[in-house]
Asks: 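This structure is in structure tokens; I'll ask about it shortly.
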Amino acid sequence: ASLDIDLPLPQVGQCSWAKYGYPAFSTGLDVCPRPVSDLSKDYAPWSYPPFCIRAPMNATVPEPGSEGSYKEGEENAIPRVSAAGRKYCVYTSRTFRGRGLSVISTPQMAANLVASLDDTRVLPRLRDHPASSMARRDEKRAAGRPYVIKNVQQGHGKGLVARRRVPKWGEALIGFPIMMARTDFLEALPDADRKTLEDRALAQLPKMAQEAILALAHGIGGDLDKDFLLEHIFRSNIFGIEIAGVHHFSLQVEGSRINHDCRPNTFWRYSPSTMTHEVVAFREISIGEEFTHSYLPLGLPLADRQQSIRRWGFACHCSLCMAPKKVSFASDIRRTRLVEIYTTMEDEGAMGMLTRDKIETLLSEMMLLINGEDLVPQLCEYYAMIARAYLSIEAFDDARHYAQQSEEYWIRYGTEEHDNVDEVRALWKQIEAKEKERDARRRRRDASRASRE
Ligand SMILES: C[S@@+](CC[C@H](N)C(=O)[O-])C[C@H]1O[C@@H](n2cnc3c(N)ncnc32)[C@H](O)[C@@H]1O
């Protein structure tokens with residue numbers, strides 16, 4: 001028997017692999033879902049017994065959580081760690097959200113998804129919204145759908161175009177994954193094993209789901225290796241997500257049709273507990289406008305964007321990248337200055353060199369730059385940085401104000417479940433602790449003054 005599945009069943013509150021999925025009080029269960037593999041007798045709630053392949057004993061994968069280049073030999077290459085003998089399995093639910101879902105991952109990671117598979121956990125707000133792929137597709141509902149998928153500008157293939165006005169913060173699209181995989185399976189397994197898992201993940205889905213996946217963009221036509229069609233589709237269409245802190249990717253049929261723009265009009269957020277992708281407008285979108293989102297972190301200057309987008313296999317033709325040299329030069333200067341402000345505040349704050357005047361001057365310059373470059377979503381991080389700057393000069397009310405703003409932005413841009421919401425909450429604790437320290441210092445000073453008098 002495999003170690004993967006012979007662990008004792010943990011009780012609710014002790015699930016190491018189930019940060020969001022369990023405890024699911026509504027199910028009345030009092031244990032965590034057991035990881036299942038090809039050796040398990042029972043494989044519910046999946047539709048088929050898991051099909052598993054072990055990584056070879058010399059398999060290595062990039063170290064989880066490290067940043068840098070995935071290419072070995074490059075200067076900033078991510079260090080690699082052993083994945084010897086790790087079991088990757090295919091799990092399929094043929095009914096998930098009315099379409100089906102196939103997952104390629106390890107038994108523990110798949111166990112983490114079990115509670116979220118339940119369609120009844122999807123809030124009516126996400127299920128019945130006209131932008132939701134779960135909403136009934138009768139004529140009346142279809143008329144309310146905010147977008148139509150059609151060919152857009154030359155060279156961009158298909159895209160999503162607004163067929164009704166979407167207000168600021170309104171949902172443009174609500175979708176669910178159709179395929180998910182633990183990202184490092186691409187590195188841990190040899191070609192033949194990857195292909196076996198990928199083919200099975202596709203074949204176990206209902207016919208309509210298979211067709212929807214195969215119809216997605218395949219990236220650079222010339223180099224297409226027909227044996228690895230799915231990997232070409234992954235490369236052009238996936239969204240990065242985490243399951244219990246481990247990097248995975250997710251394929252979502254309609255969301256994958258949204259083209260990239262370096263100044264996008266939507267952002268997407270993912271809720272692990274309901275496995276929902278929401279694409280949200282961060283400004284009003286008018287009828288006929290294309291929905292766009294950024295495949296790259298926001299705020300990069302042109303050269304960095306051009307280099308990073310290459311990983312996606314295309315050169316960006318958005319209006320910012322195609323703008324006259326003068327315009328993109330000015331944009332680059334603003335973006336570089338913004339990063340400079342961030343580092344100055346962080347560094348000088350840590351060294352106790354900031355003053356209220358300096359913070360306020362940099363803050364107003366920062367707001368001008370952020371608004372000028374349409375980088376409002378970056379305020380999640382920038383507001384937290386301002387809170388830390390005010391904390392460094394013991395301006396507790398201002399620190400609290402910006403920590404609150406940062407928390408609100410993180411919830412809006414990342415959902416309640418985003419890890420950074422926890423980080424902001426840690427910042428609240430720091431503010432509280434430092435304020436107590438200051439009060440204690442004042443009391444000691446007053447007491448020593450009183451004793452002198
Ligand atoms: C995730 S898909 C987007 C949907 C795609 N247009 C389709 O027809 O399915 C990514 C592909 O769309 C195209 N694309 C997206 N954004 C683009 C942009 N800003 N400039 C040029 N091509 C873009 C590229 O071919 C890219 O490989």
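All ligand and atom numbering here is 1-based and tracks the order in the structure.
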Asks: For atom 3 (C) of ligand 1, which of the options Ala315, Ala217, Ser256, Gly159 provides the nearest non-hydrogen atom?
Replies: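 Checking each option, the heavy atom nearest atom 3 (C) of ligand 1 is found in Ser256.
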Asks: Is it true that Asp261 lies under 4.0 Å from ligand 1, counting heavy atoms only?
Replies: no
Asks: Could you check whether any heavy atom of Ile309 sits closer than 4.0 Å to an atom of ligand 1, since that is the contact criterion I want to use?
Replies: no
Asks: Under a plain distance cut-off of 3.5 Å, with no hydrogens placed, do Arg145 and Tyr147 share a side-chain donor-acceptor pair?
Replies: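 Note: Tyr147 and Arg145 side chains miss the donor-acceptor criterion.
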Asks: Consider only side-chain N and O atoms of His277 and Ser250, and report whether a donor and an acceptor are under 3.5 Å apart.
Replies: yes
Asks: Write out the residue and atom name of the closest protein heavy atom to atom 9 (O) of ligand 1, then the distance separating them to 0.1 Å.
Replies: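 Nearest neighbour among protein heavy atoms for atom 9 (O) of ligand 1, to 0.1 Å: Arg257 NH1, 2.5 Å.
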Asks: Does the plane of the ring in Trp46 sit parallel, tilted or perpendicular to the ring in Tyr91? Use 30° and 60° as the thresholds.
Replies: tilted
Asks: Output yes when Arg335 and Asp332 qualify as a salt bridge under the 4.0 Å nitrogen-oxygen rule, no when they do not.
Replies: no
Asks: Which residue supplies the protein heavy atom nearest to atom 16 (N) of ligand 1, what is that atom called, and how far is it?
Replies: His260 N, 2.9 Å
Asks: Hey, are Arg127 and Asp119 close enough for a salt bridge, meaning a charged N less than 4.0 Å from a carboxylate O?
Replies: no
Asks: Tell me which one of Trp312, Phe239, Phe314, Tyr295 gets a heavy atom nearest to atom 22 (N) of ligand 1.
Replies: Phe314
Asks: Looking only at protein heavy atoms, identify the closest one to atom 5 (C) of ligand 1 and say how far it is in Å.
Replies: Lys158 O, 3.5 Å
Asks: Can you report which non-hydrogen protein atom sits closest to atom 6 (N) of ligand 1, along with the distance?
Replies: His156 O, 2.5 Å
Asks: Could you list which atoms of ligand 1 come closer than 4.0 Å to a heavy atom of Ile258?
Replies: 3 (C)
Asks: Is any NZ, NE, NH1 or NH2 atom of the basic residue among Glu373 and Arg334 found under 4.0 Å from an Asp or Glu carboxylate oxygen of the other?
Replies: yes
